[in-house]
Participant: 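The structure under discussion is supplied below as structure tokens; questions concerning it will follow.
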Amino acid sequence: MKERISTIIGDKESANIWMGTFHSVFARVLRTESDRINYPKNFTIYDTQDSRSVIKDVISELNLDDKVYKPASVQARISGAKNNLISPEEYRRSPDLTNEDIQAQRPMMADIYAAYNRKCYRAGAMDFDDLLFKTNELLRDFPDVLHYYQHKFQFILVDEYQDTNFSQYLIIKQLAALRENICVVGDDAQSIYAFRGANIQNILNFRRDYPEFAMYKLEQNYRSTKTIVNAANSIISKNKDQIKKTVWTDNEKGDYITLQRSLSDNDEGRYVANDIFETRMTRQAAFKDFAILYRTNAQSRSFEEALRKLNMPYRIYGGQSFYQRKEIKDLLAYFRLSANHNDDESLKRIINYPARGIGKTTVEKLIIASAKFDVPIWEVIQQPNTYPSELPSATMRKVMDFCTMIKSFTSQIETHNAFDLGQHIAQSSGLLKELHTDKTPEGVARYDNIQEILNGMKEFSDDVDPDNPEAVRTMTDFMIDIALLTDADKDDGDNDKISMMTVHAAKGLEFNYVYIVGLEENLFPSQMALHSREELEEERRLFYVALTRAKQRAVLSYAITRYRWGQLSQCEPSRFIEEIDQEYINVAAMVLPKQEPARSWNNERSNFFKGATSTAPRGNKPLTRLNTATQDDNQEVEEIAEGMEVEHARFGKGKVLKVEGKLPNTKATVYFPSAGQKELLVKFAKLKVL
DNA sequence: TGGAATGATGTTTTT
DNA sequence: CATCATTCCA
């Protein structure tokens with residue numbers, strides 16, 4: 001969007017536009033105005049993990065049972081309240097909410113909410129929902145601030161308006177109140193965020209709030225072929241809740257939608273990879289023209305494997321984002337704590353990582369004292385006389401040393417650039433050394449990730465701020481809102497890659513060739529969404545979004561067996577497949593090249609296949625039987641012997657040094673040049689004899 | 001205190 | 001199946 005606007009109005013002008021997600025734009029506002037709401041300028045933003053950890057602490061401090069008060073659902077409940085601008089006090093006073101909680105046997109919810117907020121405040125931290133909640137408070141309680149931003153933002157455009165929640169709605173309403181120069185774009189058929197409080201009512205309110213509105217219906221689709229547009233229409237017409245409209249296109253009819261049935265999740269991966277490979281050749285397409293869309297992040301694995309085997313570049317969006325990886329969060333925790341000593345979550349994370357002799361008993365004592373006196377852990381350490389924690393003096397010394405180190409980082413924040421300080425912290429905290437000693441492939445990857453973020457800081461530091469070319473680009477600048485960054489913000493230069501992401505993440509994007517995979521009951525639509533018509537209709541809209549990402553060709557795919565929760569389960573094709581007008585669909589005969597000898601099928605699995613194929617469901621065209629190299633699945637334990645050369649899926653080639661233990665639990669000691677010596681249980685290790 | 005061994009548990013979807 | 005949490009022992 002930024003690029004498109006730049007090409008129209010030029011880089012200079014477009015640089016002045018505030019553009020971003022609600023969270024990032026208003027995090028920026030809050031940083032500027034933090035003193036108004038009694039937050040430190042460099043407040044920390046707690047991501048979902050951080051905030052769940054705080055909730056866990058609250059639950060245990062209130063002596064509640066985390067089987068009853070499940071942290072995840074408590075978190076969802078608090079989030080829901082915040083998105084509707086309900087404070088803990090209002091929550092407590094609301095008969096409806098209180099009754100719901102009593103019904104659900106969770107009467108203490110309001111207390112958890114209050115304690116959670118208190119803890120976040122004490123830590124100088126905001127969670128994602130706070131960014132919007134506090135913005136609302138700021139604009140509500142400080143007329144001069146409101147006035148300032150009303151003049152600053154004279155024109156407001158909100159895209160994907162159907163996905164805004166009440167909190168966001170009210171921010172916009174306040175800001176637009178003065179001039180009413182506001183334009184919103186939305187499509188009720190693409191509303192897919194009801195689960196996080198998005199409210200379609202906001203679109204309807206618009207007419208009421210701005211009676212002089214003008215409405216433009218955008219019913220012509222410029223993106224997709226007739227086949228895709230019509231198929232999508234046929235899907236969405238199954239929904240009861242919808243604003244009627246007729247989407248049409250002038251584009252040509254185009255390809256049929258392909259329906260592909262696979263025998264397993266792995267076959268599905270291989271099929272899609274092969275199809276991309278072929279399409280790329282026959283249509284002269286680039287990798288970046290392809291997208292694989294799935295319902296849940298966990299589904300990416302089989303596609304990754306298949307694409308890797310064919311040497312095709314891909315990029316996964318979302319999921320475990322780079323910034324959420326453990327090693328990255330560890331390093332960032334040093335940064336965060338250096339910037340904000342009250343950030344208890346970061347402190348707990350790193351006070352003994354890398355290990356420096358501060359064990360859990362010690363941390364436990366500190367936490368108890370911090371709760372008792374209602375002050376951040378840092379204060380407990382700094383003022384042992386005011387807040388006695390009863391640590392033995394030797395331990396106290398270690399804890400003090402840790403704080404001294406952090407303080408030395410703090411003192412350099414404003415004077416050093418982000419990279420220099422980042423490098424220094426990574427080194428003198430011992431983090432780099434700790435990761436460097438880990439020679440497992442995962443360990444090496446972690447070390448590389450740290451290097452990568454340091455590189456990013458280097459780039460950032462060398463970059464000149466056009467507004468202020470003299471200024472040192474500090475760590476504070478770098479750290480701003482890093483919790484809000486997603487993988488989509490990362491750019492590694494080579495962008496000709498196949499995209500893989502959830503359907504949610506794909507909204508607003510488009511690709512020539514789209515594969516919608518895992519179209520199975522209980523997966524898409526999700527098992528969680530089968531309880532009510534409303535939920536199912538949201539899943540259907542999600543499918544609509546997926547299908548309309550495609551410009552030229554869409555491939556729908558499902559597998560009849562799939563590993564879920566580590567178990568093989570049978571799957572039924574998704575109801576959405578049948579809901580498409582069948583005239584647009586072409587059922588593919590599965591064609592896969594002969595497999596290279598398989599390395600990994602075990603007996604249980606291949607037997608299951610034999611049973612499953614005979615009961616092929618429904619009237620699909622006959623399938624070319626997949627040749628899944630069953631010849632190799634009798635690879636029994638006795639085949640592994642000392643001296644053999646073997647290959648492991650992850651560690652690569654290696655030599656068997658020793659075999660011990662009796663049959664099904666035979667253990668082999670294998671030396672891998674790339675990964676060192678490993679002890680592996682033969683029945684799990686899937687070793688391939690070379 | 002710290003590491004290894006064992007056991008529980010969880011999967012929607014995102015900022 | 002992975003990851004985390006808990007437990008156990010040096």
Side-chain angles (χ1 to χ4, degrees), chain A residues 20-27 45-53 56 60 66-67 70-73 75-76 79 82-83 126-133 135 160 163-165 167-168 191-198 265 293-302 317-321 323-326 351-364 392 394-395 398 442 481-489 501-508 518 522-531 535 538-539 541-543 545-546 562-569 650 679 684 686:
Chain A
T21 62
F22 271 86
H23 290 84
S24 68
V25 166
F26 295 109
I45 297 175
Y46 277 172
D47 67 16
T48 311
Q49 292 173 38
D50 300 321
S51 100
R52 178 152 324 165
S53 157
K56 278 185 189 164
S60 81
D66 64 0
K67 299 281 185 308
K70 291 211 176 78
S73 43
Q75 189 175 33
S79 173
K82 286 189 180 178
N83 284 328
M126 296 197 200
D127 66 19
F128 288 142
D129 304 315
D130 283 335
L131 294 173
L132 306 175
F133 194 109
T135 301
E160 307 285 9
D163 289 328
T164 52
N165 59 36
S167 184
Q168 294 165 327
S191 161
I192 55 174
Y193 283 108
F195 72 89
R196 67 170 194 209
D265 44 0
L293 307 182
Y294 34 76
R295 178 66 236 267
T296 65
N297 285 305
Q299 284 166 259
S300 67
R301 204 212 76 246
S302 63
Y317 293 82
Q320 251 278 357
S321 122
Y323 301 98
Q324 285 165 17
R325 303 211 174 131
K326 184 185 175 304
I351 190 167
N352 194 36
Y353 182 79
R356 45 177 75 88
I358 303 171
K360 47 185 185 289
T361 322
T362 307
V363 176
E364 201 53 39
T395 318
K398 289 182 196 163
E442 296 88 349
D481 312 334
I482 219 163
L484 302 177
L485 288 182
T486 63
D487 287 339
D489 299 310
M501 64 189 88
T502 63
V503 181
H504 282 90
K507 200 175 57 154
N522 298 323
L523 182 59
F524 197 176
S526 160
Q527 197 169 7
M528 319 293 284
L530 300 177
H531 309 299
E535 285 176 317
E538 176 149 323
E539 294 286 307
R541 291 193 296 271
L542 193 57
F543 182 55
V545 167
R562 172 178 301 278
Y563 267 95
R564 292 181 84 175
W565 301 272
Q567 270 201 328
L568 194 62
S569 63
R650 191 173 332 155
E679 291 197 338
F684 293 129
K686 300 170 180 173

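All values below were derived from every heavy atom in this structure, side-chain atoms included, with hydrogens, water molecules and symmetry-related copies excluded. In the text below, chain A, chain B and the rest are named by the order of the sequence lines, each starting its count at 1.
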Participant: Between B:dT15, B:dT9, B:dT13, spot the one nearest the side chain of A:K67, thanks.
Facilitator: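 Among B:dT15, B:dT9, B:dT13, the one nearest the side chain of A:K67 is B:dT9.
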Participant: Between B:dT1, B:dT11, B:dT14, which nucleotide gets closest to the side-chain atoms of A:T296?
Facilitator: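 Among the listed nucleotides, the one closest to the side chain of A:T296 is B:dT11.
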Participant: Do any side-chain nitrogens or oxygens of A:T48 fall under 4.0 Å of OP1 or OP2 in B:dT14?
Facilitator: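 A:T48 to B:dT14 OP1/OP2: no side-chain N or O under 4.0 Å.
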Participant: Rounding to a whole Å, what distance do you find between A:D66:CG and C:dC4:P?
Facilitator: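 Checked: the CG to P distance equals 17 Å.
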Participant: Counting only side-chain N and O atoms of A:N297, is one of them less than 4.0 Å from OP1 or OP2 of B:dT11?
Facilitator: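 For A:N297, the contact criterion (side-chain N or O under 4.0 Å from OP1 or OP2 of B:dT11) is not met.
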Participant: Between the side chain of A:H23 and the main-chain N/O of A:L131, is any donor-acceptor distance below 3.5 Å?
Facilitator: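 Here the side-chain-to-backbone pair does not exist.
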Participant: Mind calculating the distance between CD (A:E535) and C1' (B:dT12) to the nearest angstrom?
Facilitator: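 The answer, rounded to whole Å, is 11 Å.
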Participant: In terms of the nearest nucleotide of DNA chain C, which residue is placed more toward the 5' end: A:K56 or A:R301?
Facilitator: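 With A:K56 and A:R301 compared, the 5'-side residue is A:R301.
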Participant: What integer distance in Å separates A:H504:NE2 from B:dT12:C1'?
Facilitator: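 For the pair A:H504 NE2 and B:dT12 C1', the rounded distance is 8 Å.
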Participant: Base, sugar-phosphate, or nothing for A:Y193, non-hydrogen atoms under 4.0 angstrom?
Facilitator: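 A:Y193: backbone/sugar contact only, no base atoms under 4.0 Å.
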Participant: Keeping A:Q75 on the side-chain end and A:T48 on the backbone end, is there a donor-acceptor pair under 3.5 Å?
Facilitator: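 Yes, because the side chain of A:Q75 sits within donor-acceptor range (under 3.5 Å) of the backbone of A:T48.
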Participant: Over all strands shown, is A:K398 touching base, sugar-phosphate only, or nothing at heavy-atom distances under 4.0 angstrom?
Facilitator: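 If one applies the 4.0 Å heavy-atom cut-off, A:K398 turns out to touch nothing in the nucleic acid.
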Participant: Looking at CZ of A:F543 and CG of A:L293, how far apart are the two atoms once the value is rounded to the nearest 0.5 Å?
Facilitator: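 That separation rounds to 10.5 Å.
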Participant: Any N/O pairs under 3.5 Å between the protein and nucleotides 6-10 of chain C? List them or say none.
Facilitator:
none

Participant: With heavy atoms under 4.0 Å as the rule, sort A:T362 into base, sugar-phosphate or nothing.
Facilitator: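 Sugar-phosphate only.
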Participant: Quick one: NZ on A:K82 to OG on A:S167, what's the gap to the nearest 0.5 Å?
Facilitator: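 So the gap between those two atoms works out to 10.5 Å.
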Participant: Measure the distance from CD on A:E538 to C1' on B:dT14 and round it to the nearest whole Å.
Facilitator: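 For the pair A:E538 CD and B:dT14 C1', the rounded distance is 12 Å.
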Participant: Counting the atoms with a prime plus P, OP1 and OP2 as sugar-phosphate, which does A:D47 contact under 4.0 Å by heavy atoms, base, sugar-phosphate, or nothing?
Facilitator: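 Result for A:D47 = nothing.
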Participant: Rounded to the nearest 0.5 Å, how far does OG of A:S51 lie from CD1 of A:I45?
Facilitator: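 Answer for the CD1-OG pair, A:I45 versus A:S51, is 12.5 Å.
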Participant: Say you draw a straight line from CG of A:D265 to CD of A:Q299; how long is it, rounded to the nearest 0.5 Å?
Facilitator: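 With rounding to 0.5 Å, CG (A:D265) is 9.0 Å from CD (A:Q299).
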Participant: Looking for any heavy atom pair under 4.0 Å, which part of the strands does A:S526 touch: base, sugar-phosphate only, or nothing?
Facilitator: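 Contact class for A:S526: base.
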Participant: So which nucleotide from B:dT13, B:dT1, B:dT15 ends up closest to the side chain of A:T395?
Facilitator: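 Of all the options, the side chain of A:T395 is nearest to B:dT1.
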Participant: Could you tell me how far apart A:K70 (NZ) and C:dA5 (P) are, to the nearest whole angstrom?
Facilitator: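 Distance, rounded to whole Å: 17 Å.
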Participant: Starting at atom CZ of A:R196, determine the distance to atom P of B:dT14, rounded to an integer number of angstrom.
Facilitator: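 Result: 9 Å.
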Participant: Would you kindly compare A:F22 and A:R564 by the position of their nearest DNA chain B nucleotide and give the one closer to the 5′ end?
Facilitator: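 By nearest-heavy-atom nucleotide position, the 5'-most residue is A:R564.
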Participant: What's the CG-P distance between A:L132 and B:dT14, to the nearest Å?
Facilitator: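 Atom-to-atom, A:L132 to B:dT14, this comes out as 17 Å.
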Participant: Report yes or no: is there a donor-acceptor pair, N or O only, under 3.5 Å between the side chain of A:T502 and the base of B:dT14?
Facilitator: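 Answer is no: no donor-acceptor pair is held.
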Participant: Expressed as a whole number of angstroms, how long is the span from A:E539:CD to B:dT13:C1'?
Facilitator: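 So the CD-C1' distance, A:E539 to B:dT13, works out to 8 Å.
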Participant: Would you indicate which nucleotide in B:dG2, B:dT12, B:dT1 comes nearest to any side-chain atom of A:A355?
Facilitator: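 Among B:dG2, B:dT12, B:dT1, the one nearest the side chain of A:A355 is B:dG2.
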Participant: Between atom CG of A:D129 and atom CG of A:N83, what is the distance when rounded to the nearest 0.5 Å?
Facilitator: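 Reported value, rounded in 0.5 Å steps: 4.5 Å.
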Participant: So, does A:N165 use its side chain to make a donor-acceptor pair with the main chain of A:Q168 at under 3.5 Å?
Facilitator: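 It does hold such a pair.
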